[in-house]
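To start, the structure under review is shown below, and the notes come after it.
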2 protein chains.
Amino acid sequence: MDRMSRQSSTAPGPDGEVQGDGQGERSGQRRATVVDVARRAGVSTATVSRVMNRNYPVAAATRERVEAAMRELGYVVNAHARALAGASGRTVGIIVGELIDPFYAYIARGVEREATAGDRLCLVCCTQGDPQRELAFIELMHERRADAVVLVGGSVEDRAYKAELARRASELDAGGSKLVLCGRPSLGEDVPTVGVEYDNEGGAFAITDHLITQGHERILYLGGPPGLSTARDRLAGHRRALELRGIRRDPLLEQPGAFSRAFGHRRMAELLREGPEFTAVFAANDIVAAGAAQAMEEAGVRIPQDMSLVGYDDIPVAQELRPRLTTVRIPLEEMGRQAVRVALNGGDEDDWRAPTTGTLRLGTHIVVRESAGPPRGGFPGSGRARRG
Amino acid sequence: MDRMSRQSSTAPGPDGEVQGDGQGERSGQRRATVVDVARRAGVSTATVSRVMNRNYPVAAATRERVEAAMRELGYVVNAHARALAGASGRTVGIIVGELIDPFYAYIARGVEREATAGDRLCLVCCTQGDPQRELAFIELMHERRADAVVLVGGSVEDRAYKAELARRASELDAGGSKLVLCGRPSLGEDVPTVGVEYDNEGGAFAITDHLITQGHERILYLGGPPGLSTARDRLAGHRRALELRGIRRDPLLEQPGAFSRAFGHRRMAELLREGPEFTAVFAANDIVAAGAAQAMEEAGVRIPQDMSLVGYDDIPVAQELRPRLTTVRIPLEEMGRQAVRVALNGGDEDDWRAPTTGTLRLGTHIVVRESAGPPRGGFPGSGRARRG
DNA sequence: GTGAAAGCGCTAACAT
DNA sequence: ATGTTAGCGCTTTCAC
C-alpha cells in the first residue's frame, strides 16, 4: 500500500469509517489547521502562529502569503488548542438566578461589556434559584478554565453550602482563576474570593427613614426570602431605621416572602383585607412593589394618598408604574463591570499588592419619585374600600 | 544527566523559570492532570478517562481508587484538552442585541435552558446593534467550536453584510456547527443555516385588523428601524390589513424609528402637538408603546377613550402599563428552546432526513387587554389638551 | 478489565 | 526572519 501519496494523516472521520472520498487530494471534510496553512504558504507552523498573534516580527511578504493561505483555506483557529497550549481561555463565567430578571440582567450586562472590552467571551448560566445548580456551574466553568467566575445575587445562608462554595473558591484560586461574589457576603477572610457589594442594609435604612420622615410609623415590610442574604440585610436596615427613631417593631408588619410579583400581589391583597393597619409599604424589591401596587389598585387604595409604597433596586418597572416608584438605586451595571475588573487585575497583571480577598463596596441611594408621601388621616382600614 | 529518576516531564511553569520548589514530590502549584491521578491510583490514564466518562466497563474497586485519587488531588478535568481530543465542546453560542431588553432576554432564557438540558454551556454576547460586532462574535464562537450559534433578532438589510453572514454560515457548517437564525429571515436556500421564526407580518396584520374592526381608520404606525427585517415585516403586515379593508395608506401615518422608549415618547409628543389626525397607534413594539403612552399621559390624552394604543411582543411591561396594553404575543422563550433543539438535532443525531436548511415557524396571536377600544367622537386634535 | 501510545491543533523555546 | 520541536491534557484505538 502506498502511503506516500497521501496527506500526512488522513485519519478516518469520527464515525470510524472513511467516507466515500477515495483518495482525492482535497480532504473533503477536515478542518484546516495550522499545518495546512503552513504547507500552503510554504512556511512553518511557527510562522503561521506568529502571523496570527502579531507578537513577533514577520516579513511583510511572508505575512501576506500566510494570510492568503488562511483565507483560501477558510482557516479558523481552534481556541481549545490555543488554550491548551498555554494561552488563557479568554473567558469569564457568570452565574445568575434568572436572565429575565432585570436585577440580574443589568449586572450581566456589565459583566459582558467589561469582558468584551478585555477581549473575552462570556459563559452565562442560570441557577433558577437552586444552590446545587450554582455549585455545578462553578465546576463546569472551572473545567473550562474561566479566568473569573462571577456569582451574582443573594445566597442562601446554609452552612454546608457555604463550606462547599469555599472549597470551590480555593480550587479555582489554585488554578489562577478568581471567584467573584457579586452582591453577596464574603465567605470569610481566609477564603480566596474577591467581592463587589452594594450597601443593602444602608439603602434599606435610608428608604425606611425617608418614610418615617414623611410621618409614617406603621410601615409594612413586604417580601424577600428570609434565607437570602440580600433580603436579610434589607430587613436589617429597615429595622435599624425603626429603632433609631424609637418606633416599636411589630412582627405583624414584617411579611417576608418570595422576591416575586405574584407574592407581592397576593400577600398585599390579603393584608389589605384582613391585616394589621399600616400607612406605608416597603417592598423588598421593585418587582414585589409592582405586585403590591396592583393589589392596591384592585382594592381601590390610592397611592400615595391612601398608602405610600417604596421598593428597592430601581429597575425599569419603577418608572413604568403610576405613580412612579420611590425606590433605592443600586449601580447594577457598574457592579458587573467592577466584578470582572477586580477579578482580572487581581491575578492577571503584575502582583501589585494582589488583594486576594478584597471587597469593593459600591454605594446606593434613594430615588424619590411619587409613590410615597405623608400619611393621610383616613386609613382605608379593612374591607375592599371603593371596590365592586 | 539522569533523566530516569525524574517525573516524566517536569516542564517549567508558564513563567519560563522553575519555581523554588526544587524537586519535591508534591508539585507545588501545577494543576493535577490525568497523569497525576493515574499515578496516584496506580492505573493508566486510559482508565482514569474511562472512569470519568463512564462509557466503558471499569472494575468497581479500580473506579473507587481512581475517584479517591481525583478527590484527594482536587482534580478538575480540562475541557479544552477534552475538546481538542475529539469530544464536542459542549457549548452553544448566542448573540443578542442587548441583554437587558426583555425581547432578547426571554429568547436567551430559552436558549440557555435548552442548552443546559443538553448538558451544554452557553456563550453569550451582545452586539448593541452593531452588525460588525455580530460578525466578529460569530467568528469567536466558531473558534471555540460551538455546537451551534444562535443569532437573535432582526437583521439589517445590507447586501454585503448578508453575503458575509452567508460565508460564515458555510464555514460553521463545514465544521459541523450550525448557524441558527432566530427571528430573522433566511439567507437563501443555498446557505446552510437553520431558522426559527415567528410570524411578524401576520401578527402585525392581525392587530391592525383588530384596530380596524373597532372602527379605527386613521392608525399611526410608530417606531421600528426601517432597515431591520423585523420592523419591515411588521409594517408590511400593517399595510396589508389596511389594504384589505380598503383604507388608503397615508405616508404621514407611518413613522418608523428606533425600537426605543425614548423614540416612542419623543415622536409621539411631537405628533400629538403638530401631527396629522389619528385615533389609534400601533407601536412597533411594546417598548415604543410605553414611551408613547407616557407622551399621551403628559398631553392629557386618555387611553383608550381618546386614543387607542397597541404594541408588539407582549413583554412584561405590557401588563404593567395602565391601561394594560393590547399587543401581539410571540413565543419568545420557546423560540430560544427550538433554536438549539433544531440546530443540535440537525447535526448531532443520526441523519434522519437532516434538514440542513429548515425553518421552523412559530405562531403569534394578539392579546386583547384594555388599551384599545372604539374611537370616540372627540379627537383631541392639535394642542396640548387639558395640559398646563 | 487495563495499559501503551498515537494524536487533537496550537504555542513557545531554542536553533539557524 | 523563519524553521524545529517539544509539549499542553485528554481520548481512543489496539494490544494484552
Side-chain angles (χ1 to χ4, degrees), chain A residues 8-17 30-39 41-66 70 73 75-90 143-145 175, chain B residues 3 7-18 27 30-39 41-66 70 73 75-90 143-145 175:
Chain A
S8 56
S9 73
T10 310
D15 314 42
E17 284 215 338
R30 233 176 81 268
R31 273 172 166 113
T33 73
V34 257
V35 177
D36 301 321
V37 175
R39 191 165 27 220
V43 299
S44 74
T45 64
T47 300
V48 175
S49 175
R50 296 197 265 255
V51 167
M52 293 195 295
N53 299 303
R54 354 184 126 273
N55 54 359
Y56 232 76
V58 171
T62 311
R63 139 158 295 130
E64 298 262 296
R65 287 213 320 285
V66 172
M70 304 205 321
L73 260 32
Y75 172 76
V76 177
V77 30
N78 184 322
H80 295 300
R82 183 176 265 179
L84 188 56
S88 134
R90 311 255 76 178
E143 290 181 0
R144 302 192 182 207
R145 302 297 187 262
Chain B
R3 19 210 270 290
Q7 295 194 354
S8 58
S9 73
T10 310
D15 313 42
E17 282 216 337
V18 182
S27 48
R30 232 177 80 267
R31 273 173 165 114
T33 73
V34 258
V35 177
D36 302 320
V37 175
R39 188 160 34 217
V43 300
S44 74
T45 63
T47 300
V48 175
S49 174
R50 295 198 264 255
V51 166
M52 293 194 297
N53 299 303
R54 352 183 127 274
N55 55 358
Y56 230 77
V58 172
T62 311
R63 143 159 292 131
E64 298 262 296
R65 289 213 318 285
V66 171
M70 304 205 324
L73 260 32
Y75 172 76
V76 177
V77 348
N78 183 322
H80 295 302
R82 182 175 267 180
L84 187 55
S88 133
R90 312 255 78 180
E143 290 181 0
R144 303 194 181 204
R145 301 299 187 259

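Chain identifiers are assigned alphabetically (A, B, ...) following the order of the sequence lines, protein sequences preceding nucleic acid strands; residue numbering begins at 1 within each chain.
- Taking atom NE2 on A/His80 and atom C1' on D/dG9, their separation rounds to 13 Å, with Å as the unit.
- With rounding to the nearest 0.5 Å, the separation of NE2 in B/His80 from CG in A/Asn78 is 10.0 Å.
- Comparing C/dT11, C/dG1, D/dG3 by their nearest atom to the side chain of B/Pro57 picks out C/dG1.
- B/Val77 comes within 4.0 angstrom of sugar-phosphate atoms only, judged by non-hydrogen atoms across all strands, and of no base.
- Applying the 3.5 Å distance criterion, the base of C/dG3 shares a donor-acceptor pair with the side chain of B/Arg50.
- Heavy atoms only, all atoms of each residue included: A/Val58 and A/Arg63 are closest at CG1-N, 3.9 Å.
- Nearest to the side chain of A/Thr62, among C/dG3, D/dT2, D/dT11, sits D/dT2.
- Note on A/Tyr56: every side-chain N or O is 4.0 Å or more away from OP1 and OP2 of C/dC14.
- Separation of atoms CE (B/Met52) and OG1 (B/Thr47) is listed at 11.0 Å; rounding is to 0.5 Å.
- Counting to the nearest Å, the P atom of D/dT11 and the CZ atom of B/Arg90 are 13 Å from each other.
- When the nucleotides C/dG9, D/dG9, D/dG3 are ranked by their closest atom to the side chain of B/Thr33, D/dG9 comes out on top.
- Contact annotation: A/Asn78 side-chain N/O to C/dC8 OP1/OP2 distance is not under 4.0 Å.
- Distance, A/Glu143 CD to D/dC8 P: 20 Å, rounded to whole Å.
- When distances run from any side-chain atom of B/Ala46 to the nucleotides C/dG9, C/dA4, D/dT4, the shortest one goes to C/dA4.
- Side-chain to base pairing of B/Arg63 with C/dG1: no donor and acceptor N or O lie closer than 3.5 Å to each other.
- Side-chain contact check for B/Val76 versus A/Arg145: some heavy-atom pair is nearer than 4.5 Å.
- Counting heavy atoms from C-beta on, the side chains of A/Asn53 and A/Arg82 come closer than 4.5 Å.
- Of all nucleotides listed (C/dA12, D/dC10, D/dT11), C/dA12 comes nearest to the side chain of A/Asn55.
- Candidate nucleotides C/dT11, D/dT2, C/dA13 were compared by shortest atom distance to the side chain of A/Ala59, and D/dT2 ranks first.
- Listed nucleotides: D/dG3, C/dG1, D/dC8. Nearest to the side chain of A/Thr47: D/dG3.
- Take the nearest nucleotide of DNA chain C for B/Val43 and for A/Gly86: the residue whose nucleotide is more 5' is B/Val43.
- Rounded to a whole Å, the CE atom of A/Met52 is 13 Å from the C1' atom of C/dA12.
- For the pair A/Arg65 CZ and D/dA1 P, the computed distance is 15 Å after rounding to whole Å.
- Protein atom CG of B/Asn53 is 15 Å distant from nucleotide atom C1' of D/dT13, rounded to whole Å.
- Taking atom CG on A/Leu84 and atom C1' on D/dA6, their separation rounds to 13 Å, with Å as the unit.
- With distances taken from any side-chain atom of B/Ala85 to the nucleotides D/dG3, C/dA4, D/dC10, the minimum falls on D/dC10.
- Residues A/Glu143 and B/Arg90 fail the side-chain proximity criterion, which asks for heavy atoms closer than 4.5 Å.
- Between A/Arg39 atom CZ and C/dG9 atom P the separation is 12 Å, expressed in whole Å.
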